[in-house]
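Reviewing the structure listed below.
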Amino acid sequence: MVKFQELDAKWQQAWRDAKLFEAEPDKRPKFYLTVAYPYVSGPMHVGHGRTYTVPDVIARYKRMRGFNVLFPMAYHFTGIPIVGAAKRVARREPGFVRVLIERYGVAESELPKFEDPHHFASHFARKSELSYRKGMEWLGYSIDWCREFTTVDHHYQKFVTWQYHKLYDAGLIVKGKHPVKWCPRCGNPVTDHDLLEGEGVGIVEFTLLKYRADDYVLPAATLRPETVFGVTNLWLNPDVKYVSARVGGERWIVSEQAIEKLREQGYQVGEVGPIQINFSKKVEVPLTHKRVPILPAKFVDPDNATGVVGSVPSHAPYDHVALFELQQRPDALRAYGVNPRDVEGLKPISLIEVEGFGESPAIDVVDRMGIKNQTDPKLEEATAEVYRNEFAKGRMREWVSKYGGMPVSRAKLAVRDDMLAGNEAATIYEFSAKPVVCRCNTPVTVKVVEDQWFLNYADEGWKEKARGCLARMDLVPPETRGQFEHTISWLHEWPCTRNIGMGTPAPWDPKWMIESLSDSTIYMAYYTIAHILKAIDPAKLTDEVFDYVFHGKGDAALISSTTGIPQETLEQMRREFEYWYPLDYRMSANELIPNHLTFHIFHHALLFPDRCPRGIVSFGIAVLEGEKMSSSKGNIIAINEAVRKYGADTVRLYLMSTVEPWQDLDWQTNEVEAMQRNLERFYSLAESTIAPPSAKRPSFAQPERWMLSRLQEHIRVATEALDAFETRKAAQHAFFQLMHDLRWYTKRARQPKARTHMLKRVLEVWLRLLAPFTPHICENLWERMGGSGFISAAPWPKVEEGLVDKGAELIESYLGRVLEDVGKILRVTKVKKPKRVCLYVAQDWKWKAYHIAMKRVGEGKVDLGALLREIGETLGLRLHKSDLSKFLQQTVKELRGMPSEELEILETTEIDELQVLLEAADFIREQLNVKEVRVFKADDAARYDPQDRARLAVPMRPAIFIE
RNA sequence: GCGGGGGUAGCCAAGUCAGGUCAAAGGCGCCAGAUUUAGGGUCUGGUCCCGAAGGGGUUCGCAGGUUCGAAUCCUGUCCCCCGCACCA
């Protein structure tokens, strides 16, 4: 038994020695594809294996099609997670360290080195047995490794610097404020990945309505500023400690907890002091200038926004229930010093009208749900329902001055903006759900970051360019187009700088780093010259150099003299870029469509308007036995483990043949093992095919003609599939279906010499069809077969139209059907060992009638009566009319159900059923394991037919008798 | 909520755009038989239900409709998954 792993090593070395995949510009048409470089925060596992095998298969296929293929690779070091991982090592986080040591083989003594993020990243990029570089080599990828780089290389940083100078000069870098999730202890913005709790929690914007009393401001937080017209009172929680604070030029009253938030969010908070709430007081509502009382309510949460809330009982279930409760309990009111008469008169004010609800939606819903008091948890649900309906379907009532008739969704923004403009409101951000906790176990807050730099994707001119680029691109699968279009429209300012992590300093403000998605938008252009840059001192890489290489601007001789880079080198880089660019296909995960992939379009549209990428292929995700893979938890299958166990080709073919690239893949061990056995079977089949000496080309009979015809079909489908990136479909035909057909052929073939010849001939094509998927095995068999050169460089098989033989295929499917029918009968009758099987083929007149019927069915009009007459006259038959009509009814029904393609073949091909069955009699006998198979014409007077079955014979459906 | 994708036999997954070869490819699993018979490998057959003659019945989330004919087209409905940003 062959060891696949030995073949892997042998051929990987051979490819390296031959420098087979190092790409140089030449006369051939080029094909340039890239796949998102890995973010090296952990080992390469089978999920990545899927992502990177797709482009490799395509690269190998295109090479065989005669393209000069560039398939490069690099590593992404920029960003927080690698820094975070190093920090976890520094803290010796037990779970994390255990995974590193026990699962990923890091020596305990080495741990201090892993506190350095650069070391950490390098380890998983290239050094470790579990690294991406090694994993990709073990899988036999046809990558041009000369162009490898990392995003923290000085050369690359120069490239990013050039890019951001261009963006800055184009006015697309803007400065602004931005709310972020912020960990006060880490002193950093935190991403969802950094959270212990609260993943996916959003940041929502509350409007603070400034209620005034004396010279105090009570900023009531609301998501619904438009309801200010329906305010009946203000709520404060009697159990909460409120403070007064100088905010800007005003004195605000807020909960104690709110002070820190205001500070984080950029408010100038001065002196803070205690304050006693006087519930008898009246306050003035902003905008309407109505005076309303302050009332006590326990549901008011001091942790949410300011702890001050306006009351709109008509449209807020909480407010309605709380007010109702107070009105029932005058004694409680008195305890807070409130005169119950002030409360008695408070009536809900309806200001929004919604179809399907009455005057006050909040009251409707509370009544319907049977909510009795303000601690009822159902209130959340009630609030959501009212809000949702009012927002989606509600309109402001006509009496609401200025906003009357407006949809709520619009009025909300209009009211907010008007109030902000008139200093009657402010803004505060809050989490949509709590708690949100950092991995360092500290509660996360919302911070408004000042001085943040943004890439202005909101710029309409830029958007238009991006749309233009997108319109010319081929998207795989095509359904992703809508997502891209939507993203382009919806994308606005993207914060492109960070204050921590590895990466490139922002050229205009070096205390910031270019954020990791923003430094990876056009690196595909960098690959074209990466190998040449390595020999150049990065200090020499000025903007002029890149301007020349990428835009052809300036004079090479001049730039050479100012930078000291040889003119020839500059010109070579320019040539390489012009040869390879534009990129033909970009491949990445479909979850990156909303950011990375769309950024990539934006930046190309701006910087390389004439060389926009030609296409994008988006991948699905991969899971492990139905579970999400997680490197940091160690529940993955690393590439080296998989390859050691199954061999590279098994892993590759498995990853490519279960689902198409854009579908989600589930790695299932039992299926991988089955794949390994399938490949082993294939290998030994191939070996036994190669072994016997080649025979001279014998004459081909029906089985050979069929086999060759099927082979053409598989070539055709596999080719079309790979052109469309359908690796699964291609693999199905190139491997499984071909295997299937070959099995049938070996059973069918009668002449040993022809079979030997045919198997070799099929194998020669088969190996080439499989080479992109299972290159190691194929190289080895190719060599054993005496193929010339590497199969990786051999030409892709072409369909030989002359070998397509639909008639031969029809005959085989006919035989298949006959076997199936007999088999069915045997099964139903439970006859285990039949002595004899007799087949009776339809007599000539039936065939003639069949042909006439076929013609009429082909024409679409079938009048059974007319057909009956026509046939009777044409054939001059003297038959029982009922026999004929029964036959015709059945025939017409069958013909109608036939696909037009098969009908056509039947019409144009003469099939001599008797001849076909006689020739195949031996085969049928073998297949059915019977002693004797006899074939007769149905009207053969000398036939053996004790039960008079022959009369049931129909063209293409012989009658059967078994005994 | 906004945007995108999807529901096919025990599981995965083709088929849906261009209706008929569809009781529905292929793989996995399972069952049976064969084998120099190791319960492993390989090969062969089977795998919705009924049937002692190639047949019949009921299926492609659910409910209707169009059609000679629907997994495929139309309408309605239920359910599931993904993204929604400072993050790879």
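To find a chain, count down the sequence lines: A is the first, B the second, and so on, and within it residues start at 1. Because the structure is predicted, anything quoted here is derived from the model rather than measured.
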Spacing of A:Glu671 atom CD relative to B:G26 atom C1', expressed in whole Å: 11 Å
Rounded distance in Å between the P positions of B:U21 and B:U75: 25 Å
Atom NZ of A:Lys633: over 12 foreign heavy atoms under 6.0 Å: no
Comparing A:Gln668 and A:Glu726 on RNA chain B - which has the more 5′ nearest nucleotide: A:Gln668
Strand partner of B:G45, provided both Watson-Crick or wobble distances fall under 3.5 Å: B:C31
Whole-Å P distance, B:C82 and B:G27: 31 Å
Between P of B:G54 and CG of A:Leu819, the distance in whole Å: 18 Å
Base versus backbone protein contacts along nucleotides 29-40 of chain B [heavy-atom cut-off under 4.0 Å; B, S, -]: S-----------
Atom pair distance, as rounded to whole Å: CD in A:Glu820 and P in B:A24: 8 Å
Nearest non-hydrogen partners of A:Thr598 and A:Ile593, listed with the distance: OG1-O, 2.5 Å
B:G7 and B:A14, which share atom name C1', separated by this distance in whole Å: 15 Å
Nearest-angstrom distance from the residue atom OH of A:Tyr387 to C1' of B:G1: 10 Å
Sugar-phosphate, base or nothing in reach of A:Pro834, heavy atoms under 4.0 Å: nothing
B:A9 versus B:G4 - spacing of their P atoms, nearest Å: 27 Å
Exceeds 12 heavy-atom contacts within 6.0 angstrom, atom NZ of A:Lys729: no
Pair A:Asp509 + A:Lys511: basic N to acidic O under 4.0 Å: yes
Value in whole Å for how far the C1' atom of B:A53 lies from CD1 of A:Ile825: 5 Å
Touch class at under 4.0 angstrom, heavy-atom based, for A:Lys747 against every strand present: sugar-phosphate
Nucleotide paired to B:U72 in any strand shown, Watson-Crick or G-U, under 3.5 Å: none
Whichever of A:Gln737 and A:Pro38 has its nearest RNA chain B nucleotide further upstream toward 5': A:Gln737
B:U72 versus B:G83 - spacing of their C1' atoms, nearest Å: 30 Å
Under 3.5 Å on both distances, the Watson-Crick or G-U partner of B:G40: none
Euclidean distance for P, B:U67 against B:G10 (whole angstrom): 33 Å
Lys/Arg-Asp/Glu bridge criterion (N-O < 4.0 Å) met for A:Arg716, A:Glu713: yes
Gap separating the CZ atom of A:Phe454 from the SG atom of A:Cys496, nearest 0.5 angstrom: 8.5 Å
For B:U67, the Watson-Crick or wobble counterpart (both distances under 3.5 Å): none
Under 4.0 angstrom between A:Arg681 side-chain N/O and B:U42 OP1 or OP2: yes
Opposite nucleotide pairing with B:G26, Watson-Crick or G-U, both atom distances under 3.5 Å: B:C12
For B:G1, the Watson-Crick or wobble partner whose two distances fall under 3.5 Å: B:C84
B:U47 and B:A24, which share atom name C1', separated by this distance in whole Å: 14 Å
Heavy atoms of other groups near A:Asn670 CG, more than 12 under 6.0 Å: yes
Pi-cation contact, A:Phe923 with A:Arg748 (under 6.0 Å, within 45°): yes
Pairwise P distance for B:C48 and B:C81, with rounding to whole Å: 30 Å
Complement of B:G55, any strand, by Watson-Crick or G-U distances under 3.5 angstrom: B:C50
